[in-house]
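These numbers were taken from a predicted model, which means no experiment stands behind them. Whatever order the structure lists ligands and atoms in, that order sets their numbers, starting from 1.
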Amino acid sequence: MLRPRLCIGMSLAPTWLSGEGWRAEDSGIDGLYSSDLALDVARRSEAAHLDFVFRPDASFLPLPVMEQSFGFSSLDPTLLLAAIARETRRIGLITTISTTFGHPYLAARQLMSLHWLSHGRAGWNVVTALQGNENFGLPEMPSSDARYARAEEFTEVVQRLWASFPARALLVDRARGRYADTDLILPIDHQGQNFSVRGPLNLPEYPGPRLPLMQAGGSAMGIDFAGKAADMVFGMTPDVDTALRMRGQLSARALAHRRQPRDVRLMPGLSLYLAPTRAEAMDLFMANNIRITRNQRADRLREAVGLDVADWPDDRPVRLADLPAAHVSPRTAAHVAAIRAIIDRDSPRLGDLLARPELLASVHWQIIGTPDDAAAEIGHWFRAGAVDGFIPVPGGSVRSLDLTLEALIPRLARAGLFRDRYHGETLMEHLQDA
Ligand SMILES: Cc1cc2nc3c(=O)[nH]c(=O)nc-3n(C[C@H](O)[C@H](O)[C@H](O)COP(=O)(O)O)c2cc1C
């Protein structure tokens, strides 16, 4: 069943400044390591009545890209959102904490702190992460199975810790001098495969709607985990068929875990290169990727599918049979599948393959065009039942961000696909309002 309205949450990773975007005079890049840049986007996202702003995060720093752009360098996402909490009133604030590198007691406390500081607007993007093991004493990345097993246990411990000091235990009865009812504050005594946590949490539960969970990861295990535990899925769906398939899988896994399909919202990333005309939008996309050299493009291809094309001429077609059978890619399964699908379908010449947006940028759903083009395509995906919403990832320039917030979102609201004012105060209420 279709939901009445889209859920929309703005990514705070300043994708519109990556590539060459940060070099523009008005880019605001100097505010990257203060709260200025993110706060500006959060305020404008709140003015557009978005469900939430969301900060993806990684715990490692690939150096080569830092020469030309800010790469993965960033403030800690939970601290950044705590600063934004004081300066906003309605918009949800979703932070990212990795279950592979973190600890559930610390995570439970940080997340519940953000929920209190924002009066019920916090959310948690649960990631198992793809890289960064060397920063946490792990000689290699644990296998996908091991990471998801740990993620399930981690999430369960966090939720039990939140419940260990329930809101009703907090009495603050001045007359009787009774601060809390300690009969209700109970240890969790968790002894598991990965963690041993006694509890209770040293912070009461926020006395309002609960803190929703987002999941990012598209493998069968990731989808099962989302069906069990997530309210939202940050998906990677380059085309409408992939989104429809993923939506179907999420519904099946939600039902298997005795939840309703609509309880798990599929919100793919949507890369938006927007401009007043289609030609300008395409120019923006090409200009933004101009400094990615042939070698860097070839490296990306090798990383994704294991094919070394350093000595190949640009006019040689690339066929599925050219790809090595066994290759373990550090990219997501969706990214690898998208690149393999292009090779399978088109057998493209190498030069054309190396110029594809899927290699140059991301394999997110991608729209390069005008705000009207974007509104029409989003309407089509939504009415087809492929997505419940999306996470805009504007690219190319500040103007592309401006057009997303100030032209695209109002068009969706006018078309009745998105709210034109807030009806609730907390993130859970916003999600249930759509
Ligand atoms: C759309 C998307 C966004 C992601 N964002 C993050 C992130 O911000 N931080 C992170 O450490 N990992 C991130 N990941 C990686 C996932 O947490 C997960 O480790 C990875 O996708 C492998 O799981 P899978 O095989 O189920 O896809 C993201 C993955 C996807 C698909």
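Close approach of ligand 1 to P56 (heavy-atom distance below 4.0 Å) involves ligand atoms 8 (O). Every atom of ligand 1 is numbered from 1 in the order shown, and the set under 4.0 Å from a heavy atom of R147 is 19 (O).
Of the N or O atoms in F234, none lie within a sub-3.5 Å distance of an N or O in ligand 1. Among the atoms of D57, some N or O lies under 3.5 angstrom from an N or O of ligand 1. Polar contact with ligand 1: present for S219 (N/O pair, distance under 3.5 Å). Considering both main-chain and side-chain atoms, M236 never comes within under 3.5 Å of ligand 1 through any nitrogen or oxygen pair.
If you check each of A129, G217, G269 against atom 31 (C) of ligand 1, the one with the closest non-hydrogen atom is G217.
In R259, the CZ atom is crowded: over 12 heavy atoms of neighbouring residues, nucleotides or ligands sit closer than 6.0 Å.
The proximity of M221 to ligand 1, defined as any non-hydrogen pair under 4.0 Å, does not occur for either the backbone or the side chain.
Relative ring orientation between Y206 and W116 is described as perpendicular, the plane-to-plane angle rising above 60° on a 0-90° scale split at 30° and 60°.
A salt bridge links D299 and R302; the closest N-O separation between the charged side-chain nitrogens and carboxylate oxygens is under 4.0 Å. A salt bridge between D388 and R247 is present, with a side-chain N of the basic residue lying under 4.0 Å from a carboxylate O of the acidic one. A salt bridge links D231 and R210; the closest N-O separation between the charged side-chain nitrogens and carboxylate oxygens is under 4.0 Å. Salt bridge R89/E46: absent, no basic N to carboxylate O contact under 4.0 Å.
If you look at H364 and F234, their ring centroids are closer than 6.0 Å.
Scanning the protein heavy atoms around atom 23 (O) of ligand 1, the nearest turns out to be Y148 OH, 3.2 Å. Residue, atom and distance of the protein heavy atom nearest to atom 18 (C) of ligand 1 are T128 OG1, 3.2 Å. The protein heavy atom nearest to atom 27 (O) of ligand 1 is G218 N, 2.8 Å. Considering only non-hydrogen protein atoms, atom 6 (C) of ligand 1 sits nearest to V127 CG1, 3.7 Å. Atom 29 (C) of ligand 1 has its closest protein heavy atom at A216 CB, 3.9 Å. The shortest contact between atom 20 (C) of ligand 1 and any protein heavy atom is with L130 CD2, 3.7 Å.
Contact annotation: A58 has no heavy atom less than 4.0 Å from any atom of ligand 1.
Neither side chain, Y148 nor D224, offers a donor N or O lying under 3.5 Å from an acceptor on the other. Looking at R160 and S164, their side chains never bring a donor and an acceptor atom within 3.5 Å of each other.
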For a side-chain contact (heavy atoms from CB on, under 4.5 Å) check, start with the C-alpha distance between V318 and I342, then their side-chain angles and the critical distance, and finish with the verdict. CA-CA 10 Å; V318 184; I342 296 167; over 6 Å; no
